[in-house]
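Everything numeric here is computed off the predicted structure, so don't read it as measured data. Note that these values count all heavy atoms, side chains included, but never hydrogens, waters or copies made by symmetry.
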Amino acid sequence: MNDTDRTDRTDRTDRTDRAPRHHGAPTRFDVEALAAGRWRNGGGATREIVARPAGGEEFGWRASVADIDADGPFSAFPGVDRTLTLLAGDGVRLCAPGEFDRLIAVAGEPFAFSGDLALDARLPGGPCRVLNVMARRGRWAARVARITAMAEPSPGHGGLLYVLSGTWRTDPGAGAGVLTSGQGVWWDGAEPDAGTDMDTDTDTGAGTGGGTTFVPLSPDAAALWADIAPAD
């Protein structure tokens, strides 16, 4: 498997039922409506959700959904921290010799690791689908968690909400509509060295504090929350 999905830091990743209060200008997506790019070796396909900054020579942070169809290597991404979360299937086993050997088999439970490592991936139960979040070290820091309660984006932070189950509402923004499994929104953050005034950047919507709130509507509502913060 050539992990060329255009696929974090263990101490910044956890599982919780509550996200911190967070603002931004969200863009809605539906994974099934995103174009799927096949990997060169045929071992899978990637649906890119967002890469920021848009059109840059290298991304600052990126999120995508990958369908892994076969065993094989994951490419290294030097200087990048990564988080992988199982969305569907029986899971994937990641092995970095001398570093870790981890079976990711619980849907919605993020696993963070350094992109500096070249990994070997095995599928114990057949194809699976994962969410990949990548953040360029020194510029952005990503924290991914499972949430079940209302959340808001933090001023100046980028991020992503991906619905795992149930129904959610965006209020307002991103069409102020209902989101279901496989749908979500992403929002931009100011580049750490851009010197952006986070209260007045109304042209890009980055950190405008638009007051968008993500609200669970059903008892089974759960989502993945990726908070992408400017690095310290």
Go through the steps to decide whether Arg52 and Ile228 satisfy the test side-chain contact (heavy atoms from CB on, under 4.5 Å), and finish with yes or no.
CA-CA 11 Å; Arg52 308 303 293 167; Ile228 315 294; over 6 Å; no
Should Phe74 and Phe113 be marked as a ring-ring contact (aromatic ring centres under 6.0 Å, His included) after you check the CA-CA gap, both sets of side-chain angles, and the distance that decides it?
CA-CA 12 Å; Phe74 263 32; Phe113 55 95; 7.3 Å; no
So Val133 and Thr85, side-chain contact (heavy atoms from CB on, under 4.5 Å) or not? Walk me through it.
CA-CA 9 Å; Val133 175; Thr85 309; over 6 Å; no
Using side-chain contact (heavy atoms from CB on, under 4.5 Å), reason through Val106 and Leu86 one step at a time and then give a plain yes or no.
CA-CA 7 Å; Val106 179; Leu86 180 67; over 6 Å; no
Do Leu87 and Val65 pass the side-chain contact (heavy atoms from CB on, under 4.5 Å) test, and can you show the C-alpha distance, the side-chain angles, and the key distance before you say yes or no?
CA-CA 9 Å; Leu87 300 175; Val65 167; 4.1 Å; yes
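The only member of Thr46, Asp67, Asp69 that meets side-chain hydrogen bond (donor to acceptor under 3.5 Å, both in side chains) when paired with Arg38 is Asp69.
Side-chain atoms of Val92 and Leu84, non-hydrogen and from C-beta on, do get closer than 4.5 Å to each other.
Between Trp187 and Trp61, the distance from one ring center to the other does not fall under 6.0 angstrom.
Expressed to the nearest 0.5 Å, how far CG of Leu119 lies from CD of Glu99 amounts to 9.5 Å. Here Arg136 contributes atom CZ and Asp81 contributes atom CG; the two are 10.5 Å apart, rounded to the nearest 0.5 Å. Going from atom CD1 of Ile147 over to atom CG of Leu164 covers 9.5 Å, rounded to the nearest 0.5 Å. Interatomic distance, CZ of Phe59 versus CZ of Arg139, reported as 9.0 Å (0.5 Å rounding). Separating the OG1 atom in Thr180 from the CG atom in Leu217 is a distance of 11.0 Å, to the nearest 0.5 Å. Atoms CH2 and OG, on Trp168 and Ser181 in that order, are 12.5 Å from each other to the nearest 0.5 Å.
Nearest heavy atoms, Ala223 versus Leu161: CB-CG, 4.0 Å. In plain terms, the two heavy atoms of Leu160 and Trp186 that are nearest each other are CD1-CB, 4.0 Å. Of all non-hydrogen atoms in His157 and Pro230, the two that sit nearest each other are CD2-CD, 3.8 Å. Taking all atoms of both residues into account, the shortest heavy-atom contact from Tyr162 to Gly182 is OH-CA, 3.6 Å. Counting all heavy atoms, side chain and backbone alike, Gly126 lies closest to Leu123 at O-CB, 3.5 Å. Across Gly166 and Ser218, no two heavy atoms sit closer than the pair CA-OG, 3.2 Å.
With sequence neighbours excluded, the residues that form a side chain to side chain contact (heavy atoms under 4.5 Å, CB included) with Asp101 are Arg93, Cys95.
Taking 4.0 Å as the cut-off between side-chain N and carboxylate O, Asp227 and Arg143 do not count as a salt-bridged pair.
Residues Leu103 and Ile68 do not share a hydrophobic cluster, defined by chaining ILVMFWY side chains whose heavy atoms lie under 4.5 Å apart.
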